[in-house]
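These notes are about the structure you will find just below.
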Amino acid sequence: MLATLNSRHRTVANTLAFGREMSTNLTTALPPSSIPIFTAVNSYREWRRKAYGEKKSVGFVATMGALHDGHVSLVRRSLVENDLTVVSIFVNPAQFAPHEDLTTYPRTLAHDLEVLESLKHAVEDSPNVSRSPSALFLPSVYDMYPSGITQDKAAQQGTFVEVKGYSHQMEGSRRPDFFRGVATVVTKLFNVIEPSRTYFGQKDIQQALLLRRMTRDLLLSHPTPESLFIVPTARDSKSNIALSSRNAYLTPAEYNHAAPTLYAALQAAKSSWGSGSTKSQAVTAAHGLVERKVQELLSAQSEIALKLDYIEMNDPDSFEIISDNVTAASWDMPGGAKPRRNRPVILSGAMWVGKTRLIDNIILGDASQLGILS
Ligand SMILES: Nc1ncnc2c1ncn2[C@@H]1O[C@H](COP(=O)(O)OP(=O)(O)OP(=O)(O)O)[C@@H](O)[C@H]1O
Ligand SMILES: CC(C)(CO)[C@@H](O)C(=O)[O-]
Ligand code: BAL
């Protein structure tokens with residue numbers, strides 16, 4: 001059938017072919033699993049219909065796989081709060097720019113299944129009942145993009161979701177089409193999974209807040225904006241590095257000697273802000289910490305290349321950069337008509353360690369005002 005498509009469709013045909021190949025690989029190479037794996041939308045839908053029939057709530061965690069304890073914290077939350085928990089693994093081509101790491105992104109399905117199979121949550125007041133992940137949704141590229149998908153945005157065909165006005169700041173300033181890719185795939189995932197509740201990580205704070213806005217704007221019922229929960233960032237207990245699938249790209253030396261710098265820089269800004277500095281001074285404090293680390297690596301003749309991408313402070317409602325002269329006290333708008341005690345600010349950053357781009361953030365002020373769970 002692909003051979004009959006004309007040249008106008010070549011790009012799409014290529015990606016459809018890619019999707020089919022992935023689909024075949026998936027079904028032939030599935031590791032044994034005690035968790036039901038749905039690789040097709042229709043078979044998942046049958047399962048979901050049964051859950052509706054039995055009036056069971058379905059919690060949902062969307063992932064790109066290479067599972068770590070950050071993902072596990074989301075799944076655990078879902079196990080506590082829902083009768084059933086569905087996890088998806090899908091490395092979404094539409095959110096990767098052509099120069100980014102789609103082909104090398106870690107794919108560790110056998111490990112991921114082991115992680116999911118090991119999770120058990122004892123149900124309160126029912127000593128003999130425990131909950132484990134109920135299903136894994138593992139679609140092919142072809143299933144998720146029936147019109148095909150290419151990373152060349154100008155050649156893309158079909159339907160895409162854009163959250164206008166909220167996709168160009170922070171991470172969007174560095175990855176211009178990233179949130180369009182995320183919003184598109186998550187809309188599709190929500191349409192299939194129909195979650196009662198869903199869980200996203202604070203590590204990707206702009207993503208989580210933007211998706212909540214999207215559920216509101218699209219008047220979604222599964223999930224509603226109120227049933228999209230944000231789970232705090234899980235960190236390495238010694239170094240405080242935010243857990244991330246891309247940490248697997250780091251060499252041990254990069255991980256130990258350079259990666260902790262991002263969180264340390266955020267802490268330097270936090271402490272400066274907390275002692276009454278302006279935003280500009282707080283961000284300068286963070287830059288200073290990174291610069292000192294870079295100098296230290298140079299003096300030690302280390303081969304590690306450390307480069308700050310950005311550190312900024314943004315309004316969590318608009319995602320706009322807050323003004324240079326704002327302080328924690330003035331951010332609360334004390335003289336305004338509606339003072340906001342402990343008004344939250346997103347302090348976030350990205351840093352290159354060698355060829356790996358790391359991101360992190362902390363919320364200054366009251367994170368619960370953003371619906372971030374504690
Ligand atoms: N350290 C973490 N703590 C809490 N949630 C996390 C953490 N890392 C990832 N998540 C969340 O897990 C979900 C799936 O993320 P994803 O599969 O992209 O993993 P990732 O580690 O963020 O990968 P990457 O390295 O590509 O950023 C997202 O909601 C993400 O925010
Ligand atoms: C939400 C998501 C699964 C969409 O591909 C991805 O962006 C991620 O894992 O954070
Ligand atoms: N967790 C964010 C996924 C990405 O960077 O593509």
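When a ligand or atom number is given, it counts from 1 through the structure's own listing order. Side-chain atoms are counted along with the backbone in the values below, which use heavy atoms only and exclude waters and symmetry mates.
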Under 4.0 Å from one or more heavy atoms of Leu243, ligand 1 contributes atoms 1 (N), 2 (C), 7 (C), 8 (N)
So, Arg340 and Asp366, do they make that salt bridge, N to O below 4.0 Å? no
Picking from Met351, Glu100, Arg174, what satisfies side-chain contact (heavy atoms from CB on, under 4.5 Å) with Arg357? Arg174
Taking atom 15 (O) of ligand 1 as the reference point, the nearest protein heavy atom with its distance: His71 NE2, 3.6 Å
Quick one: look at His68 and ligand 1, take heavy-atom pairs under 4.0 Å, and tell me if it's side chain, backbone, both or neither. side chain
Look at atom 26 (O) of ligand 1 and find which of Tyr249, Tyr105, Phe96 reaches it with the closest heavy atom. Tyr105
Arg77/Glu81 salt bridge by N-O under 4.0 Å criterion: yes
Can you confirm, on distance only, whether ligand 1 has an N/O atom lying under 3.5 Å from any N/O atom belonging to Tyr199? no
For ligand 1, does Lys203 get within less than 4.0 Å through its side chain, its backbone, both, or neither, judged by non-hydrogen atoms? side chain
Would you say the side-chain atoms of Thr284 pair up with the backbone N or O of Ser280, donor to acceptor, closer than 3.5 Å? yes
min-distance protein heavy atom vs atom 7 (O) of ligand 2 -> Gln207 OE1, 2.7 Å
Under 4.0 Å from one or more heavy atoms of Thr233, ligand 1 contributes atoms 1 (N), 3 (N), 4 (C)
For Val182, take its heavy atoms, then give the atoms of ligand 2 lying under 4.0 Å from any of them. 7 (O)
Quick one about Gln156 and Arg180 (side-chain donor to acceptor, distance below 3.5 Å, no hydrogens or angles considered), yes or no? yes
Only heavy atoms count here, so choose which of Ser244, Ala234, Ser88 is nearest to atom 3 (N) of ligand 1. Ala234
Exactly one candidate in Val61, Val231, Thr233, Leu243 meets side-chain contact (heavy atoms from CB on, under 4.5 Å) with Ser73; the answer is Val231
Atoms of ligand 1, numbered as shown, that sit under 4.0 Å from any heavy atom of Met64: 17 (O)
Enter the distance from Thr215:OG1 to Phe190:CZ here, rounded to the nearest 0.5 Å. 7.0 Å
Nearest to atom 2 (C) of ligand 3, what protein heavy atom do you find, and at what distance? Asp204 OD1, 3.4 Å
Report, in ascending order of atom number, the atoms of ligand 1 lying under 4.0 Å from any heavy atom of Ala62. 13 (C), 14 (C)
Cut-off 3.5 Å, side chains only: do Glu194 and Tyr52 have a donor facing an acceptor? yes
Just checking, any donor-acceptor pair under 3.5 angstrom between side chains of Arg235 and Asn240? no
State whether Glu46 and Lys50 are salt-bridged, where the test is any N-O pair (Lys NZ or Arg NE/NH1/NH2 against Asp/Glu carboxylate O) under 4.0 Å. no
Quick one: does Tyr105 get a heavy atom under 4.0 Å from ligand 3? no
Using a 4.0 Å heavy-atom threshold (strictly under), name the region of Ala208 that reaches ligand 1: side chain, backbone, both or neither. neither
Is it true that the side chains of Ser277 and Ser272 contain a donor and an acceptor less than 3.5 Å apart? yes
Please could you name the atoms of ligand 1 that Thr63 approaches to less than 4.0 Å, counting only its heavy atoms? 14 (C), 17 (O)
Side chain, backbone, both or neither: Leu74 near ligand 1, heavy atoms under 4.0 Å: side chain
I need the atoms of ligand 3 closer than 4.0 Å to a non-hydrogen atom of Arg175, numbered in the order shown. 4 (C), 5 (O), 6 (O)
Val185 neighbourhood, listing ligand 2 atoms whose heavy-atom distance to it stays under 4.0 Å: 4 (C), 5 (O)
Against heavy atoms of Met64, which atoms of ligand 3 measure under 4.0 Å? 3 (C), 4 (C), 6 (O)
Before accepting this row, confirm whether a basic side-chain N of the pair Asp101/Lys355 lies closer than 4.0 Å to the acidic partner's carboxylate O. no
Would you kindly check if the NZ (Lys) or CZ (Arg) of Lys188 is within the cone defined by 45 degrees around the ring axis of Tyr145 and under 6.0 Å from the six-membered ring centre? yes
Taking the side chain from Arg343 and the backbone from Gly365, do they hold a donor-acceptor pair closer than 3.5 Å? no
So the atoms of ligand 1 within less than 4.0 Å of a heavy atom of Phe200 turn out to be 29 (O)
List the closest protein heavy-atom neighbour of atom 29 (O) of ligand 1: residue, atom name, distance to the nearest 0.1 Å. Gly201 N, 3.0 Å
If we only count N/O pairs under 3.5 Å, is Ser245 in contact with ligand 1? yes
Measure the distance from atom 9 (O) of ligand 2 to every protein heavy atom, then report the residue, atom name and distance (to 0.1 Å) of the closest one. Met64 CG, 3.5 Å
Using a strict cut-off of 4.0 Å, indicate which atoms of ligand 1 neighbour a heavy atom of Asp204. 22 (O), 30 (C), 31 (O)
Under 4.0 Å from one or more heavy atoms of Gln95, ligand 2 contributes atoms 4 (C), 5 (O), 6 (C), 7 (O)
Quick one: does Gln207 get an N or O within less than 3.5 Å of an N or O on ligand 3? no
Just by distance, do the side chain of Gln95 and the backbone of Asp177 share a donor-acceptor pair under 3.5 Å? no
Distance-only polar pair, side chains of Tyr263 and Asn361, donor-acceptor under 3.5 Å: no
Report yes or no: do Tyr166 and Glu320 form a side-chain donor-acceptor pair below 3.5 Å? no
Would a line drawn from the ring center of Tyr199 to the ring center of Phe229 be shorter than 6.0 Å? yes
Within a distance under 4.0 Å of any heavy atom of Pro232, pick out the atoms of ligand 1 and give their elements. 3 (N), 4 (C)
In ligand 3, which numbered atoms sit nearer than 4.0 Å to a non-hydrogen atom of Arg246? 4 (C), 5 (O), 6 (O)
Go through ligand 2 atom by atom and flag the ones less than 4.0 Å from a non-hydrogen atom of Ala62. 3 (C)
Write out the residue and atom name of the closest protein heavy atom to atom 3 (C) of ligand 3, then the distance separating them to 0.1 Å. Gln95 NE2, 3.4 Å
